[in-house]
Structures are given as C-alpha cells and as structure tokens.
2 protein chains.
Amino acid sequence: MMNGVTIASKTVGRLSLYRRLLESSIPCGREHVFSHELALLACVTPAQVRRDLMSTGCSGSPGKGYRTKDLIDGISKVLDYPEVQRVALVGVGNLGRAILSYFSGRRPNLRITASFDTDPQKTGRVINGCRCHPMSELTAVLGRESIATAILAVPAARAQETTDLLVASGIHGILNYAPVPLRVPEGVFLEERDMTMSLETVAFFARRAALERK
Amino acid sequence: MMNGVTIASKTVGRLSLYRRLLESSIPCGREHVFSHELALLACVTPAQVRRDLMSTGCSGSPGKGYRTKDLIDGISKVLDYPEVQRVALVGVGNLGRAILSYFSGRRPNLRITASFDTDPQKTGRVINGCRCHPMSELTAVLGRESIATAILAVPAARAQETTDLLVASGIHGILNYAPVPLRVPEGVFLEERDMTMSLETVAFFARRAALERK
DNA sequence: TGAGATTTGTGAACTTCGTCACAGCAATGC
DNA sequence: GCATTGCTGTGACGAAGTTCACAAATCTCA
C-alpha cells in the first residue's frame, strides 16, 4: 500500500453512505450525532459505525457523540481526491444512460465526464449531459483527462476486449455491470455487479423464505 | 431453514453464473468439463468451483471431470422453482426500464411479469414487454400472481414506504437499487445494490492503485 | 464536587468465506 | 495387472469482516 493505512473495501462503501446520510438526513440544527443514530439510518450496528469511523481518524466524545461537521470532513478527507476525480462510462445503452442520469450532478468531486460507444448514432453527441466518444478515441481521451476509473456497461460479448483496452489505457478501477466476470491484471481494482446473479440469488432466498412461512 | 441444507448466498450467485457459462461458453461437443476450466471462465479458483458444486450434489470423476449435462441439471434443481417464478419491478424510471429490457426473455423460469409506478403517464401501458400498474394495485397483483420477489428502483425518498408496502403484500426477497439502506423484518431477504457506494469504492481504490504505480 | 448515566474506543471472540493440500480414485500406459 | 498420472472431494487452515463486551472518558445534575 502506498501509505501505511489499509482500509477494507466494505468500509469505504459504508463511509460513503454515512457521509450521504449525514448530509441529507441529520436535522440541520444538530451539531452532534451518536453512533447509534447513524447506525439506525444506515441499517448497521452501532459497533460497526464506530469501527468504520476509526479508519477516518475522527473521534467522538462519550456522552456527546461525534461532531457532524468533523465526520463529514473526516470522511471526505479519506474518500475525496483534492481535485475533481473523473470517471468514464463505456457502453451507452439503456443501462448506461440510466447510470448517467443517476449520477449527473450528484457529487461535484466525482464526475462522469466521458462516455464511449460503438454506435455511430450515439458518438459525437452529448447524452445526458455527457459527451459520447467513439471507442477509437478511448485511449486518447482517458489520457487527456487523466481518468483512472471506468464503469462498464457493454454487452457480454464485448466486455473482455473492452476491459483489456481500458487497462491498456491506464484504468485502475472498473465497476462492471456486464454479465460476465472480467479478467484483470493485478493492481486493477474490480467490482462485479452482475444483475442476473443478484436477481437469481434474491429469487432463491425469497422462495425459501416464502416456503418456510407456510 | 426449511430443509436441512443451508447454502451460502455467494454460492447461489456463483451457481447461477456457472450454469450460464456452461450453457453458453462450453463448446457444444464437449460432454465433460474440469473444475479448472469452469474456474477460468468464472474467474475463480478451481477449489472454489468444486466447493460450490458440492452443494448441488453433483459429482465428477477424477481424470474425466463433470458431465456438463449433469451440472446444468443439478444446478437447475437447486436454483429453479418447478413452476415459473414471477418477479415484480417497482419504479419504471430509467433504471427500471434498463432492468426490464435486460431481463426480458433471458431465463424462461424467472420472469418479471408485473411493474409498478406512480406516474399516470406510465400506468396502464405495456413498457418493454411488461404491463405497468399503478401502485394502488400492488397488493392485489402480487397476490393474484403469487409474486414473492421484487426489484426496487424508485427514488430514495420513496424507498422505505414502498418496501413496507411490498413486505405487507407478501414479498420475501428484495433486490434494492434505490440509494438508501432498507429496513426489512426478519424473514425477508434483502440485497443492496447501491450504485453510489459501488462507484465511490471503485474510485477510491483506483486512485490508490494509480498513485502506487507512480 | 461527586454519583450516576451514557457513549466511545477497542481487544477478543466469533462468523463467514475462500484457499491449501492431500488422500483416494478413475483412467491410461506399460 | 501394476504403476503412473491427474483430478475430485474435503478436512484443516487462513483471511476478512462483524459483533461482543467492557474499561475509560465525558456529561448531567444535585
């Protein structure tokens, strides 16, 4: 690791959640929060919250809780890059557009600034506030904008070749919505979000729970 | 548990993946597969594959591997309901429509057969091959079609109330794409798929990996 | 100021998930 | 038929993630 501190990937995800909750769901007047209040909002245990916050260096005081502002700043110091961190989206189909419209203007510090597609109908246009480039420009655009993070939403058949291209172009983190597992070299962080796997898992346990109830 | 066998949720997800790979990526002539071949396709270790397959009851023979057909049947016996299992989608926005078009006609045994939305522009119409009902009909439709599984893709502000309604209407499994954690009673299986958390996690580790490389 | 109530910070236990490594067995070659 | 090869099935181990539980710290109120 670059600096001495390691931080678990699940913790990073929850920190992002805590920050959102602090910004949106804590009544404005409140200057302090307790771990059990955040826990309730985040649907985790208070111990989990405290454990996660340890890795930000924030500390609260017994009896009073954590200063809301300190938490937001502390979490941001861990999660945010000093400058804007740009993200690329590859594949501007139904899902790609949903992702674009979902993220547009959400966090000023983390922005999808470039998208790519093979379809000439789409390339050259601005879709959901984001310019769509042809795949041929991928390497150049990623380099120019120093993009290290990509969201992949292309058809299964194209997923691996696209990944290889992304990696060769300097991408170090991929969020994969294509329904195939990706092969990436060491040093590239990969998060798989296969909807089929998710749905089939939920369906399996739903069935089971429904049967149990009978 | 209803029957004696417990099965880990991650294993269920991977079994679904193995089946897809067996159906699509194994050259038709091949009657047998080795665990290391499946492992390569699924991007996991051979030991993981064998471990997962244990819970299906399938067994292979040393030197020859697993019979492809046995595996597909064995996995299906675990994952599939004898009848069609119906799924509901709540929230037919950008993401909802992407989900619908993604799943339409994919697995005959697991089908999204009803969708719901508050927007009167959408209700009453068939969108991406799926009838969209007003929320007021939710309980009735889920009951009539005996639906126990739901995909949630509504705005954050509506997510918890919608969940409560789903649970009250007999849902036992929820796949949540709304960007808030849901509170569900025991006995309801919940899978959270918050895109913001995922993206922020990937961005964090991408940045870290990129810095390390310098 | 001191007693009591409450919450933090964290070592230790526990749970879950994945990997190792090897005994045992089917197939093949000699 | 015996030795060899190479893969399966699984007990044991290890890593990651979560919860427990309690000492130490702060606040409240008399």
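The chains referred to below are lettered A, B, ... by the order of the sequence lines, with proteins before strands, and numbering in each begins at 1. Source: prediction; values computed, not measured.
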Exercise for the section: Side chain of A:Arg50 only, please: which of C:dT7, D:dA21, C:dG18 is the nearest? Expected result: D:dA21
Practice task
Please determine if a side-chain N or O atom of B:Tyr66 lies less than 4.0 Å away from the OP1 or OP2 oxygen of D:dG9.
Solution key: yes
Problem - Lys/Arg N to Asp/Glu carboxylate O, B:Arg19 vs B:Asp80, below 4.0 Å - result: yes
Problem - B:Gln85 and A:Arg207 side chains, donor-acceptor separation under 3.5 Å - result: yes
Exercise for the section: Please report, rounded to the nearest Å, how far the P atom of C:dG18 is from the CG atom of B:Leu15. Expected result: 12 Å
Exercise for the section: Report the C-alpha separation of B:Arg111 and B:Arg106 in whole Å, then their side-chain angles, then the decisive distance to 0.1 Å, and conclude whether the side chain to side chain contact (heavy atoms under 4.5 Å, CB included) test is met. Expected result: CA-CA 8 Å; B:Arg111 271 206 298 254; B:Arg106 210 159 272 254; over 6 Å; no
Exercise for the section: Dump the intermediate steps for side-chain hydrogen bond (donor to acceptor under 3.5 Å, both in side chains) on A:Tyr81 and A:Asn109, then the final yes or no. Expected result: CA-CA 8 Å; A:Tyr81 197 52; A:Asn109 247 311; over 6 Å; no
Handout entry: Nucleotide C:dA27, atom P - distance to CZ of B:Arg67 in whole Å
Key = 13 Å
Practice task
Starting at atom CZ of B:Phe34, determine the distance to atom C1' of C:dA26, rounded to an integer number of angstrom.
Solution key: 11 Å
Exercise for the section: Have a look at the helix from C:dT1-D:dA30 to C:dC30-D:dG1 and give the angle its two end axes make, five pairs each, rounded to 10 degrees. Expected result: 0°
Problem - d(CG, B:Leu53; P, C:dT19) in whole Å - result: 14 Å
Handout entry: Out of C:dG9, D:dG17, C:dG18, whichever nucleotide has its closest atom nearest the side chain of A:Ser59
Key = C:dG9
Problem - Protein-nucleotide distance (A:His36, atom NE2; C:dT8, atom P), rounded to Å - result: 8 Å
Problem - N/O (side chain, B:Lys64) to phosphate O (OP1/OP2, C:dA26) under 4.0 Å - result: no
Practice task
State, without any angle test, whether B:Arg193 and A:Ser198 hold a side-chain donor-acceptor pair at a distance under 3.5 Å.
Solution key: yes
Practice task
Please tell me which of A:Gly63 and A:Met54 maps to the more 5' nucleotide of DNA chain C, matching each residue to the nucleotide holding its nearest heavy atom.
Solution key: A:Gly63
Completion exercise
By nearest-nucleotide position on DNA chain D, the 5'-leaning member of B:Cys58 and A:Gln48 is B:Cys58
Completion exercise
Here the distance between atom C1' of D:dT19 and atom NZ of A:Lys10, to the nearest Å, is 14 Å
Exercise for the section: Can you figure out which of C:dT19, D:dA21, D:dT26 approaches the side chain of B:Thr45 most closely? Expected result: C:dT19
Exercise for the section: Could you please spell out the steps behind the side-chain hydrogen bond (donor to acceptor under 3.5 Å, both in side chains) verdict for B:Glu145 and B:Thr113? Expected result: CA-CA 9 Å; B:Glu145 305 203 12; B:Thr113 57; 2.8 Å; yes
Exercise for the section: Compare the minimum distances between each of C:dA21, C:dT8, C:dG18 and the side chain of A:Ser35, then state the nucleotide with the smallest one. Expected result: C:dT8
Exercise for the section: Remember a base hit wins even if backbone is also touched, and classify B:Thr11 as base, sugar-phosphate or nothing at under 4.0 Å, heavy atoms. Expected result: nothing
Exercise for the section: Carefully, step by step, assess B:Ser61 and B:Tyr66 under the rule side-chain hydrogen bond (donor to acceptor under 3.5 Å, both in side chains). Expected result: CA-CA 6 Å; B:Ser61 41; B:Tyr66 301 84; over 6 Å; no
Problem - Any donor-acceptor N/O pair under 3.5 Å between C:dT10 base and A:Arg51 side chain - result: no
Handout entry: DNA chain D: 5'-proximal contact among A:Pro62 and A:Asp52 (nearest heavy atom)
Key = A:Asp52
Handout entry: side-chain N/O B:Arg14 vs C:dG18 OP1/OP2, d < 4.0 Å
Key = yes
